[in-house]
Structures are given as C-alpha cells and as structure tokens.
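Atoms within each ligand, like the ligands themselves, are counted from 1 in listed order. All values reported here derive from a predicted model rather than from experimental measurement.
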Amino acid sequence: MAIIRTKLCDLLEIEYPIIQGGMAWVSTAELAAAVSEAGGLGIIGTGHATPDWVREQVRLARSLTGKPFGVNVMLRSPYAEEILRVVVEERVPVVTTGAGNPGKYLGELKATGVKVIPVVASVALARRLARSGVDALVAEGMESGGHVGEIGTFPLVPQVVDAVDIPVIAAGGIFDGRGLAAALMLGAQGVQMGTRFMCAAECTIHPRVKEMIIKAGDRDTVVTGRSTGHPVRVLRNKLSQQFEELERRGAPPEELEKLGVGRLRAAMVDGDVEYGSVMAGQVAAMVKKVQPAREIVLEVVQEAARLLASASRWVVSRE
Ligand code: TUI
C-alpha cells in the first residue's frame with residue numbers, strides 16, 4: 001500500500017502529513033486523540049475556553065493516545081497567555097495559533113522546546129514569523145471555516161512557500177486525496193483539514209451540525225462580519241441572515257460583535273443550527289457521511305499516493 005510521507009512527518013513525529021484543525025468547541029480531546037491515533041496530528045481547539053478546561057482536555061487526550069498531539073491557541077482569547085503556560089507545563093509537543101500574531105510569545109515557547117506552527121492568511125505575516133524562528137506555518141485560504149483572510153488557498157500557498165524556508169502546511173478547501181496531492185504540488189509539506197473532521201465519528205459536536213454539513217451544497221457558506229474586521233465563514237442560517245441584514249444597514253461593529261457572543265457554542269454543543277454560528281468551510285458541500293477519523297486519514301493519504309504515482313502519465317517528451 002502506497003502512502004505519503006514528507007519532512008513534516010519527521011518534524012512532528014507523525015506517520016502521515018495531515019493535521020486536524022484546532023476548532024473551538026469542535027476539536028475536543030476525543031477527536032484530537034483519534035486523529036493522532038490514526039497517524040495524523042490531532043489538535044485540541046481552545047477558542048475562548050479557560051486554562052483549567054484546557055489542562056483537563058490535554059490530560060484526557062494523553063489518556064487516550066500515546067502519540068503526539070497539539071493545542072491551538074486563539075490569540076484573541078483573554079486567556080491566550082495562560083493557556084500557553086498550561087501547554088508548556090503539560091509538555092504538549094506542538095502549538096498552533098490563530099486569529100493573530102503570536103510574535104510576543106515565541107521566545108518563551110521556543111526556550112521550552114514546544115514546536116510552534118502559527119496559522120497565517122497573508123505572505124507578510126508568514127515572512128515575519130519565519131524570521132522569528134517558528135517551526136512551520138499553516139497557510140490558510142479563505143475557503144476555510146471560521147475566521148478567514150482574503151486570499152484563496154491556490155494563490156496563498158505557493159506565495160508563502162516562496163517567501164519562507166520552513167515547512168508550509170496548506171489549509172482551506174482541502175477535503176480528500178486530490179486536495180492533498182494538489183497542496184504538495186503547490187509546494188506544501190502537508191495539509192490541515194478542519195471541516196472534514198467535523199463529521200468524524202469521534203467528533204463530539206451536536207449531531208444536528210453534522211447533519212447540516214452533510215446536507216450543505218456548494219453555495220451554502222457565507223462570510224459575515226467583513227465590516228467588523230473579523231470576517232467569519234459560516235453555513236447560512238437564520239443567524240447569518242440577521243448578520244447580513246444588519247451589515248447591509250451599516251450597523252456598528254459593537255452591535256454585530258454582540259450578536260455573535262456565545263453563538264459558536266450554541267451551535268456546536270447545543271445543536272442550535274438556526275441561531276447558532278455554524279462555522280464551516282466550503283468543503284462542507286463535499287462531506288457526505290460520518291466516518292471514523294482513521295478512515296478519513298487513510299483515505300486521503302492513499303488517494304493522494306495513487307494520484308501522484310500516476311501523474312507522470314501526463315508528462316510526454318517532445319524532441
Ligand atoms: O483562527 C482561525 N479561525 C478561527 S478562530 C475562531 S474563534 C472565533 N470565535 C468567535 C469569533 C471569531 C473567531 C474561529 N475560526 N484561523 C486561523 C486564521 N488566522 N485565519 C486568519 C488568521 C489571522 C488573521 C490575522 C492570523 C493573523 C492575523 O494577523 C493579524 C495581526 O495581528 O497581524
């Protein structure tokens with residue numbers, strides 16, 4: 001059986017170059033451990049969670065797998081610094097960061113040996129962080145769910161690859177072996193997938209959210225919040241319609257931010273798929289079923305290996 005291995009596998013001590021997005025209220029210890037057990041890198045998403053909750057989750061993940069896993073720190077959280085302290089104390093091997101610039105924490109993290117992999121959505125931040133000595137970068141296109149930048153994965157990934165000399169992980173719009181193969185051709189050393197793992201059997205989100213993802217079509221996500229400076233891709237529902245209507249009317253950012261408070265939890269934990277914030281990427285339309293994390297990981301690497309092994313058939317010599 002052919003699989004895919006890259007330098008990222010050696011860096012992170014994992015079998016396959018697939019990391020699971022650290023999604024707030026979605027990427028719990030159960031999901032992260034399942035992805036790590038499958039040979040990828042599972043990541044616990046922390047969002048606005050408290051440091052105590054994070055410590056509990058790290059310990060739970062450790063009880064479920066002996067393999068490496070990571071923690072994602074959402075830099076707009078008031079607890080970001082304390083959570084990073086928990087990560088260091090608990091000897092978590094890998095940290096990814098999102099929604100900001102982790103620059104001010106890098107010195108301490110590097111000194112303690114944590115591998116740091118910031119998620120970036122622009123070339124400028126990628127270049128700056130690579131110079132500060134981070135271990136790798138996730139280049140995340142605006143096809144992703146949740147907080148997004150402005151650039152699509154296809155233009156972003158090769159530009160980041162050309163701008164830095166550390167491994168780049170492609171994210172945004174990646175669903176299957178075709179996506180992994182394409183990402184490698186763009187120069188990435190691996191992929192991060194979020195939305196696909198939302199429908200992993202081990203993902204603990206409310207079943208109504210999984211059902212909504214499975215039913216989603218190609219035009220069912222929308223980016224709201226551009227006017228607040230914090231654009232977020234979600235599945236269309238009553239909340240996104242309210243949001244769009246308020247933005248059309250030029251509502252002030254504070255009013256819009258208030259509308260969003262607690263809505264992610266309402267969707268993912270309580271299953272409020274009408275008035276909750278159902279953050280998901282454009283590949284929601286490609287998700288057709290719930291399946292174990294191990295099956296997802298193996299399907300993706302085996303399909304990519306098959307595609308890449310047969311790709312040379314397009315190369316013909318012409319004298
Ligand atoms: O972080 C994400 N995706 C997220 S975070 C999140 S939690 C949330 N909850 C409620 C409202 C809003 C967010 C949901 N989804 N992806 C990684 C990512 N980071 N995408 C874009 C960025 C980013 C944006 C700006 C990274 C750095 C950045 O830099 C700004 C600066 O300070 O230089």
Between [Y] and [X], do the side chains contain a donor N or O and an acceptor N or O under 3.5 Å apart?
{"X": "Q20", "Y": "S27", "result": "yes"}
{"X": "R219", "Y": "Q282", "result": "no"}
{"X": "E30", "Y": "T204", "result": "no"}

For this session: Check whether any side-chain heavy atom of M23 sits under 4.5 Å from a side-chain heavy atom of M268, and report yes or no.
Result: no

For this session: Apply the test side chain to side chain donor-acceptor pair (under 3.5 Å) to residues T28 and Q57: give CA-CA distance (whole Å), side-chain angles for both, the deciding distance (0.1 Å), then the verdict.
Result: CA-CA 7 Å; T28 57; Q57 287 283 302; 4.8 Å; no

Can you list the atoms of ligand 1 that are under 4.0 Å from a heavy atom of [X]?
{"X": "L125", "result": "27 (C), 28 (C), 29 (O)"}
{"X": "M74", "result": "5 (S), 7 (S)"}
{"X": "R76", "result": "12 (C)"}
{"X": "V119", "result": "17 (C), 18 (C), 19 (N), 26 (C)"}
{"X": "E140", "result": "16 (N), 17 (C), 18 (C), 20 (N)"}

Problem set entry | Non-hydrogen atom of G100 closer than 4.0 Å to ligand 1 | yes

When you measure from [atom] to every protein heavy atom, which one gives the shortest distance, and what is it?
{"atom": "atom 15 (N) of ligand 1", "result": "H147 N, 2.9 Å"}
{"atom": "atom 19 (N) of ligand 1", "result": "A99 N, 3.0 Å"}
{"atom": "atom 9 (N) of ligand 1", "result": "M279 CE, 3.9 Å"}
{"atom": "atom 33 (O) of ligand 1", "result": "N101 CB, 4.0 Å"}
{"atom": "atom 21 (C) of ligand 1", "result": "A121 CB, 3.8 Å"}

Exercise. Any nitrogen or oxygen of R128, main chain or side chain, under 3.5 Å from a nitrogen or oxygen of ligand 1?
Worked result: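 R128 vs ligand 1: no N/O contact under 3.5 Å.
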
Exercise. For I174 and A183, which heavy atoms make the closest approach, and how far apart are they?
Worked result: CD1-CB, 4.4 Å

Exercise. Charged N to carboxylate O below 4.0 Å: is that the case for K258 and E254?
Worked result: no

Problem set entry | salt_bridge(K67, E15) N-O dist < 4.0 Å |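 Salt bridge between K67 and E15, a charged N being under 4.0 Å from a carboxylate O: yes.
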
